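Step one of this worksheet: look at the structure below.
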Amino acid sequence: MIKAGIAGLGRWGQTLVNSVHGKSDKIAFTAGCTGRKARAQDYCDEKGIDLRDGLADLLNDPDLDAVVLATPHSQHADQVIAAAAAGKQIFIEKPFTLDRASAQAAADAAAAAGVVLALGHNRRFHPITLKIKEMIDSGALGQILHIEGNLSGSGGLRYPPESWRAQADESPAGGMTPMGIHVVDAFLYLMGSVDEVVARSDRQFLQIPTDDTTSVMMRFASGATGYLGTLTATAPVWRIQVFGTGGWAEMHSYDRLFTCSVAADGTPGKEEMVEYGPFDMERAELEAFADACTGGPAYPLTPAEAVHGTAVLEAIIRGAENGQPVALKDV
Ligand SMILES: NC(=O)c1ccc[n+]([C@@H]2O[C@H](COP(=O)([O-])OP(=O)(O)OC[C@H]3O[C@@H](n4cnc5c(N)ncnc54)[C@H](OP(=O)(O)O)[C@@H]3O)[C@@H](O)[C@H]2O)c1
């Protein structure tokens, strides 16, 4: 059992704590810090979390093995570097950082300190994602040609103008940092590294200074292509669909896997659907982190992938400025 301190007790920090509190024998949150303490005090009292004044109070506590960072995006890089310097195992929420150089610096700091660096892309742990990966790796989908994905939601309709998420520097390229980065990570997991992106990002409806509609086309190192969409002013959706010469597989929301095969002579099979029961992705990722901290299997998302995912994000942010292709080798 590792003892962790949590920094950031907003919506997601509490979701992470709730996923393991009273359920896990691998990780327990015993201390925390947040922006305005009064907003989290009752919650911490209820969960037995010792609410401290700031991140330094967690980093200086020899009783804590690890820190989990669920703070605004622009703080991630410096906080990872500080946590590494303090020798704490690190779980960091997505987006890892906002540009490739800071991502590399944060990954290097963790490597130099010899601590685990785990990036919280919870959807990687979902059984449907793992099943699609298995279908790709086994050749069941033939040669992989293309992938599509969409993660959208209504956050833009709800953010008060003064909230950090409504600011262009915290949420560049619209839904990319809150949502689209999860699609990027699923693409990296299923398709491998990205060579080039073409992006556009528009504000058609929102009055706050972040975009509502962002689209990206990609070419992978394998030669396959992909595109993702992310909108911040619509109803929620999560969808990933992989296409190969043997058929396609689609994860639709978190409970359905659709598949359809095609024979070598082009004869299509019947579309099939398998339903999956509820699965706690946050508990799975935090326990995988705890396992990695206690000599178990390495956390399945490597720091190198975290850096590459951030480089893809930076390429998208840059590309959205003028609609021109951005090669990852130039980021
Ligand atoms: N994996 C996922 O599916 C998922 C889903 C949602 C969010 N997230 C990620 O989780 C992180 C937090 O997002 P959120 O939705 O929880 O935002 P949020 O509700 O605004 O929470 C952020 C929290 O961080 C606190 N904070 C600000 N500066 C801090 C600091 N220097 N040290 C400690 N705490 C600090 C804030 O306190 P005050 O409110 O008092 O300022 C707030 O409680 C982001 O990286 C986000 O992308 C991931």
Side-chain angles (χ1 to χ4, degrees), residues 4-19 29 31-44 49-59 67-83 86 88 90-98 102-103 106 118-126 129 151-156 158-167 169-186 210 230 232 236-238 253-254 279-286 288-289 301 306 309-310 313:
I6 178 138
L9 280 154
R11 185 177 84 84
W12 200 250
Q14 294 190 16
T15 300
L16 292 172
V17 171
N18 294 343
S19 73
F29 289 100
C33 68
T34 194
R36 288 155 283 184
K37 280 177 90 174
R39 300 178 87 186
Q41 191 63 64
D42 288 351
Y43 177 80
C44 288
I49 292 173
D50 180 15
L51 187 58
R52 314 261 175 86
D53 287 334
L55 181 59
D57 297 299
L58 304 182
L59 300 184
V67 286
V68 171
L69 304 167
T71 47
H73 308 150
S74 63
Q75 302 185 26
H76 289 184
D78 289 347
Q79 289 177 342
V80 168
I81 290 168
K88 299 298 183 200
I90 304 162
F91 180 98
I92 171 76
E93 260 312 324
K94 40 59 58 178
F96 180 35
T97 75
L98 292 170
S102 65
L119 175 58
H121 278 297
N122 43 357
R123 286 149 182 88
R124 270 213 192 199
F125 294 82
H126 197 283
T129 315
L151 180 55
S152 293
S154 58
R158 290 181 278 113
Y159 300 147
E162 68 281 4
S163 92
W164 67 269
R165 281 184 177 280
Q167 313 311 316
D169 55 347
E170 289 280 9
S171 299
M176 276 310 305
T177 49
M179 296 179 293
I181 191 68
H182 282 297
V183 180
V184 168
D185 183 70
T210 181
T230 183
T232 59
V237 65
W238 164 257
S253 192
Y254 304 99
F279 179 77
D280 191 335
M281 297 181 278
E282 290 74 50
R283 179 174 173 180
E285 66 183 353
L286 287 171
F289 168 59
L301 196 170
T310 312
L313 174 65

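Just follow the structure's listing: the first ligand is 1, and inside any ligand the first atom is 1. The structure presented is a predicted model; accordingly, all values stated were derived computationally and were not measured.
Contact between Gln14 and ligand 1 is absent, with no heavy atom of the residue lying under 4.0 Å from the ligand. The closest approach between His121 and ligand 1 stays at or above 4.0 Å for every heavy atom of the residue. Note on ligand 1: Leu55 sits outside its first shell, no heavy atom being nearer than 4.0 Å. Under a 4.0 Å heavy-atom criterion, Lys37 is not in contact with ligand 1.
Here the closest heavy-atom approach between residue Lys88 and residue Leu58 is recorded as CE-O, 3.6 Å.
Comparing Glu93, His182, Glu170, Gln75 against atom 48 (C) of ligand 1, the shortest heavy-atom distance belongs to Glu93. The heavy atom nearest to atom 13 (O) of ligand 1, out of those in Arg36, Arg11, Arg165, is found in Arg165.
By the 4.5 Å heavy-atom criterion applied to side chains, Asn18 and Tyr43 are counted as neighbours. The shortest side-chain heavy-atom distance between Asp185 and Arg123 does not fall under the 4.5 Å cut-off. For the pair Thr71 and Glu93, the minimum side-chain heavy-atom distance is 4.5 Å or more.
Panel note: side chain His182, backbone His121; no donor-acceptor pair is recorded below 3.5 Å. Asp57 places a side-chain N or O within 3.5 Å of a backbone atom of Gly54 that can act as its donor or acceptor partner. Glu282 contributes no side-chain N or O that, together with a main-chain N or O of Asn122, makes up a donor-acceptor pair within less than 3.5 Å. Listed for the Thr310 side chain is a donor-acceptor partner under 3.5 Å among the backbone atoms of Ala306. Side chain of Thr34 to main chain of Leu9: a donor-acceptor pair is present (N/O by atom type, distance under 3.5 Å, no hydrogens or angles). A donor-acceptor pair is defined here as one N or O able to donate and one able to accept, closer than 3.5 Å; such a pair exists between the side chain of Gln167 and the backbone of Pro161.
For ligand 1, the atoms sitting less than 4.0 Å from at least one non-hydrogen atom of His73 are 44 (C), 45 (O), 46 (C), 47 (O), numbered in the order shown with element in parentheses. For ligand 1 and Pro72, the ligand atoms under 4.0 Å from any heavy atom of the residue are 24 (O), 26 (N), 27 (C), 28 (N). The ligand atoms of ligand 1 that sit less than 4.0 angstrom from a heavy atom of Leu9 are 43 (O). Atom numbering of ligand 1 starts at 1 in the shown order; those under 4.0 Å from a heavy atom of Asn122 are 1 (N), 2 (C), 3 (O). Shown in contact with Gly8 at under 4.0 Å from a heavy atom are these atoms of ligand 1, numbered in order with element: 23 (C), 24 (O), 25 (C), 33 (C), 34 (N). Those atoms of ligand 1 that come under 4.0 Å of a heavy atom in Gly120, given as number and element, are 1 (N). Less than 4.0 angstrom separates some heavy atom of His76 from each of these atoms of ligand 1: 45 (O).
At a heavy-atom cutoff of 4.0 Å, ligand 1 is contacted by the side chain of Arg123 but not by its backbone.
Among protein heavy atoms, the minimum distance from atom 12 (C) of ligand 1 is reached at Ala70 O, 3.3 Å. If you check which protein heavy atom lies closest to atom 39 (O) of ligand 1, you get Arg39 NH1, 3.0 Å. For atom 20 (O) of ligand 1, the nearest non-hydrogen atom of the protein is Trp164 NE1, 2.7 Å. For atom 16 (O) of ligand 1, the closest non-hydrogen atom on the protein side is Trp12 N, 2.7 Å. Of all protein heavy atoms, the one lying nearest to atom 37 (O) of ligand 1 is Gly35 N, 3.0 Å. The single protein non-hydrogen atom nearest to atom 44 (C) of ligand 1 is Thr71 O, 3.4 Å, given as residue, atom name and distance.
Considering both main-chain and side-chain atoms, Gly10 comes within under 3.5 Å of ligand 1 through a nitrogen or oxygen pair. Geometrically, ligand 1 and Thr177 share no nitrogen or oxygen pair separated by less than 3.5 Å. For the pair Pro178 and ligand 1, the shortest N or O to N or O distance does not fall below 3.5 Å.
Between the CD1 atom of Ile81 and the OG atom of Ser102 there is a distance of 7.5 Å, given to the nearest 0.5 Å.
Residue Ile6 forms a side-chain contact (heavy atoms from CB on, under 4.5 Å) with just one option from Val67, Val17, Leu51, and that option is Val17. A side-chain contact (heavy atoms from CB on, under 4.5 Å) with Met176 holds for exactly one of Leu151, Thr210, Val184; it is Val184. When each of Phe96, Trp164, Trp12 is tested with His73 by the rule ring pair (Phe, Tyr, Trp, His ring centres under 6.0 Å), just one qualifies, namely Trp164.
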